[in-house]
Amino acid sequence: MNLPPCRLWRPLTSRLGQRQPQPRAGARSCPLPARGRARPLCGRPHGSSPTAAAKPTWGGEIRKFPATNGLQFFLDHYFWQGQRATKALGARQYHVASVLCQRAKVAMSHFEPNEYIRYDLLEKNINIVRKRLNRPLTLSEKIVYGHLDDPANQEIERGKTYLRLRPDRVAMQDATAQMAMLQFISSGLPKVAVPSTIHCDHLIEAQLGGEKDLRRAKDINQEVYNFLATAGAKYGVGFWRPGSGIIHQIILENYAYPGVLLIGTDSHTPNGGGLGGICIGVGGADAVDVMAGIPWELKCPKVIGVKLTGSLSGWTSPKDVILKVAGILTVKGGTGAIVEYHGPGVDSISCTGMATICNMGAEIGATTSVFPYNHRMKKYLSKTGRADIANLADEFKDHLVPDSGCHYDQLIEINLSELKPHINGPFTPDLAHPVAEVGSVAEKEGWPLDIRVGLIGSCTNSSYEDMGRSAAVAKQALAHGLQCKSQFTITPGSEQIRATIERDGYAQILRDVGGIVLANACGPCIGQWDRKDIKKGEKNTIVTSYNRNFTGRNDANPETHAFVTSPEIVTALAIAGTLKFNPETDFLTGKDGKKFKLEAPDADELPRAEFDPGQDTYQHPPKDSSGQQVDVSPTSQRLQLLEPFDKWDGRDLEDLQILIKVKGKCTTDHISAAGPWLKFRGHLDNISNNLLIGAINVENGKANSVRNAVTQEFGPVPDTARYYKKHGIRWVVIGDENYGEGSSREHAALEPRHLGGRAIITKSFARIHGSHVTGRATKLALAVRDPETNLKKQGLLPLTFADPADYNKIHPVDKLTIKGLKDFAPGKPLTCIIKHPNGTQETILLNHTFNETQIEWFRAGSALNRMKELQK
């Protein structure tokens, strides 16, 4: 018989319900295990004719189908009851819906064989929304709207309405997972509702080298690792042990896939957009909501389109794309939007290169970034053992790319063939320079030209291709007898990358040129660097392939001028030792005295052999965790159970003292520094000792020096806040533009609330900082992701000046009264009375973005408090 290609059966999948169909009584059970390849169950490739002995590729029992009616034989023997579609083959009717359902049962990951990708549901939701909106959809819209809790009734308007979403999974890095798991414990739930993982990558300090640093970290952080491991085992969360690698690389290798909606407790979670998913960085409070099975709320994002034409070549790399975009949009140009790359130039970028671009999209304030599904992603999925997902994605590809004629709120066009290598910095990731020009700019600005350290790796650039291109540069230098003039470090992104570059010789080449291979962890990128070559306050330059370069970010030295660029450019500059070197045009002098020019690096995007997985570092949660204990010692200096914040007393906030009026940039690194403070991420009181220690006080131009309004003495910000708290003095922070840009948003919101803060008043907030300030996430608390939700969740008032010029009316010695809280309502501004020491007063208006749910959080004192009220 002449059978049609199997893909023609796909439309029937949209008729399937969410419940998995059950076998009909007396029917033979299907041999397909959960982790099978996504092939048609007739055993033949799409569009081909059946063979005499079609063999399923998933292993187990092999059925030989008759040559002329293999599909008929299969349908005769493997059918299911439930929703059924029929197709006449001769005189008989067959249950083909069952075949389609089974074909779609592809596991999300190897580690969760019973959790399946639901492209059928994605397709169903997209079709509902497309019919309602009656217009072409962007890829971002397809994935986001495809995960709506109620696609038929959800109000949808970009930049205005709030979407209730059902993410597929949650990922947490160890620093933020501590607070997230402490909050989940408070929820009282027995297990997480969606697949979730913890990744140990933030607490390993770079000091001596990979193995030694890892052993030291395991010893120092044993209490925290034990808490996370046992909490994961108790509540059904997968646990990646220290040494596994950086969370975002692990996600790319194992959990991201085209069309996934994933949230992660790290700002660079958008890395997964390189595999065609919508992956969004959130605070631990939001993660707890999703793990509790509550619809997650996101302000409907706008969509910025970046059309890529031409192709990458020579020294130009994927990193240069995002460095260029950052220069165009600046650190806040992407706020409230998803950046969606498209166009013919996309195909010239590897999958891991696309991940690099999406990763650093966090630096422009974007909600996330995403690329359309293509052959590069398919190749990566297959190489990482997920060909079944790639095959399934092929079947649903129309939903994994943007519609023709879709509308973008802003469109940027970049010709990759004309793009030059870039280097951005110092002190901000949006100060873009072509590599050919940075030397002259540095001379003009007085930036140190000599490069003290070159650092490659991090979650942004630690792929096999990145390491290969860097090794290609290093190999040329070695051939001429040269080594790096600067210190040089290498951070593999994962244990799999480390093991594979060791096997293929890249690691040794990088060592030979003078490099030190660090542990598979974040390390210097987040300030986990025990740097010895300079003293604090010494002016110097470093060049990295990282994503962020705020003041003091990498080594806690405010005089370190950090630049970000591609790994191959870092390697070339480390060999030359100066910012004035342009590898495209300049020559080096070999050991023999002869001049030579480095050739543009070339390397495989994926290993020719299979990846070497290295050591097994994953801990599966047990099926039965009833006997699992999770202990938190009351005397611990690393972990602390949470206490509820105080409830609003029903009155306006009178005579608030100004703790600090911040001058200029105030990122979350300024508000809650990382580095050595990471060890206190599970202990709110201890980590609050770093509150705003990096912020510049407008009164004296100094960091961590503010006037105590009672004693009139200047002292550290946390000490002053504790003094106010002890004496019942409530306080407020005054901020500048884009307050809260960066990572660590959970603690940057928790700390001011813990030390007695009541409001944060700024010219503007960064993308997601404001949303953590009103209350800890709980079983019934929703995570609404407008720009201030981080603050709202912890019971604080994130407010913005109705007139930004009113920032100048407030002086650090003033007191503020915030009125209108008894009539607090969405869209209704609050009134602020500025009381000057000379007795004069000024009245200004303060805007807010609270909705009804968030106002309930404020009144209750936090989202956690509100949940407990509702449970009574």
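Below, each value reflects all heavy atoms present in this structure, side chains not excepted, and no hydrogens, waters or symmetry copies. Sequence positions, counted from 1, serve as the residue numbers for this chain.
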Whether Glu568 side chain and Ser470 backbone form a donor-acceptor pair below 3.5 Å: no
Pairwise distance OH(Tyr506) to CD(Glu465) - rounded to 0.5 angstrom: 9.5 Å
Check: Gln173 main-chain N/O paired with Thr176 side-chain donor or acceptor under 3.5 Å: yes
Donor-acceptor side-chain pairing of Asn221 and Lys679 below 3.5 angstrom: no
Interatomic distance, Leu573 atom CG to Thr544 atom OG1 [nearest 0.5 angstrom]: 11.5 Å
Stepwise side-chain contact (heavy atoms from CB on, under 4.5 Å) check, Leu455 with Phe488: CA-CA 6 Å; Leu455 307 96; Phe488 187 47; over 6 Å; no
Between OG on residue Ser566 and CD1 on residue Ile322, distance to nearest 0.5 Å: 14.0 Å
From CG (Asn461) to OH (Tyr546), nearest 0.5 Å: 10.5 Å
Asn254, Ile198, Asp174, Leu228 screened by side-chain contact (heavy atoms from CB on, under 4.5 Å) with Trp240, the one that passes: Asn254
Where Ser417 and Gly310 come nearest, the two heavy atoms and their spacing: OG-CA, 3.3 Å
Check: Ile278 and Thr367 side chains under 4.5 Å, non-hydrogen atoms: no
CG/Leu588: more than 12 non-hydrogen atoms of other groups inside 6.0 Å: yes
Residue pairs involving residues 323-332 (criterion salt bridge (Lys or Arg N to Asp or Glu O under 4.0 Å); sequence neighbours excluded): Lys332-Glu737
Side-chain donor-acceptor contact under 3.5 Å, Glu340 with Ser140: yes
Side-chain heavy atoms of Glu112 within contact of Tyr255, under 4.5 Å: yes
Separation between OG of Ser486 and CD1 of Ile451, rounded to the nearest 0.5 Å: 5.0 Å
side-chain contact (heavy atoms from CB on, under 4.5 Å) between Val438 and Phe581, intermediate numbers included: CA-CA 9 Å; Val438 69; Phe581 179 70; over 6 Å; no
Name of the residue among Ile357, Asp466, Asn359, Thr460 meeting side-chain contact (heavy atoms from CB on, under 4.5 Å) with Pro318: Ile357
Under 3.5 Å side-chain donor-acceptor pair for His268 and Glu363: yes
Sub-4.5 Å side-chain heavy-atom contact between Val325 and Tyr341: yes
Sub-4.5 Å side-chain heavy-atom contact between Val170 and Val282: no
Output field: ring centroids Tyr225/Phe239 closer than 6.0 Å: no
Donor-acceptor under 3.5 Å (Thr541 side chain, Pro448 main chain): yes
Arg681/Met179 under side-chain contact (heavy atoms from CB on, under 4.5 Å): CA gap, chis, key distance, verdict: CA-CA 7 Å; Arg681 283 290 181 88; Met179 192 59 66; over 6 Å; no
Side chain proximity check, Thr269 to Ile263, heavy atoms < 4.5 angstrom: no
Test item: side-chain donor near acceptor, Asp213 and Gln207, under 3.5 Å: no
Closest approach of Leu478 to Asp512 (non-hydrogen atoms, all atoms of both residues): CD2-O, 3.6 Å
side-chain hydrogen bond (donor to acceptor under 3.5 Å, both in side chains) assessment of Ser311 paired with Ser348: CA-CA 5 Å; Ser311 60; Ser348 74; 5.2 Å; no
pair Lys218-Pro242: side-chain heavy atoms closer than 4.5 Å: yes
Side chains of Thr197 and His199, donor plus acceptor under 3.5 Å: yes
Working for side-chain hydrogen bond (donor to acceptor under 3.5 Å, both in side chains), residues Glu495 and Thr617: CA-CA 8 Å; Glu495 171 61 9; Thr617 54; over 6 Å; no
Backbone of Thr491 reached by a side-chain donor or acceptor of Ser462 within 3.5 Å: no
Under 3.5 Å side-chain donor-acceptor pair for Arg531 and Asn540: yes
Trace of the salt bridge (Lys or Arg N to Asp or Glu O under 4.0 Å) decision for Arg503 with Glu610: CA-CA 11 Å; Arg503 180 198 68 192; Glu610 297 302 314; over 6 Å; no
Heavy-atom closest contact (Asn582 atom, Ala436 atom, distance): ND2-CB, 3.4 Å
For Arg452, salt bridge (Lys or Arg N to Asp or Glu O under 4.0 Å) partners two or more places apart: Asp533, Glu538
Verdict with reasoning, Asp266 to His248, per side-chain contact (heavy atoms from CB on, under 4.5 Å): CA-CA 9 Å; Asp266 190 276; His248 311 303; 2.9 Å; yes
Validation row: Glu605, Lys379 side chains within 4.5 angstrom (heavy atoms): yes
Arg386 vs Asp388, salt bridge (Lys or Arg N to Asp or Glu O under 4.0 Å): CA-CA, chis, key distance, verdict: CA-CA 5 Å; Arg386 295 173 288 170; Asp388 49 356; over 6 Å; no
Those residues that, when tested against Phe563, pass ring-ring contact (aromatic ring centres under 6.0 Å, His included) (two or more places apart): Trp447
Main-chain N/O of Val564 paired to Asn424 side chain as donor or acceptor, under 3.5 Å: no
Centroid-centroid distance, Phe550 to Phe427, less than 6.0 Å: no
Whether Ser494 side chain and Ile497 backbone form a donor-acceptor pair below 3.5 Å: yes
Main-chain N/O of Ile501 paired with Asp504 side-chain donor or acceptor, under 3.5 Å: no
Backbone N/O of Arg553 and side chain of Arg548: donor-acceptor pair under 3.5 Å: no
Side-chain (Asp201) to main-chain (Ala521) donor-acceptor, under 3.5 angstrom: no
Asp168 (side chain) donor-acceptor with Leu261 (main chain) under 3.5 angstrom: yes
Within 6.0 Å of CD in Glu599, more than 12 heavy atoms from elsewhere: no
No-hydrogen, no-angle side-chain donor-acceptor test under 3.5 Å, Thr330 and Asp430: no
Side-chain heavy atoms of Gln249 within contact of Gln496, under 4.5 Å: no
side-chain hydrogen bond (donor to acceptor under 3.5 Å, both in side chains) evaluation trace for Ser317 with Asp320: CA-CA 5 Å; Ser317 74; Asp320 298 307; 3.3 Å; yes
Enclosure of Lys383 NZ (heavy-atom neighbours >12, cutoff 6.0 Å): yes
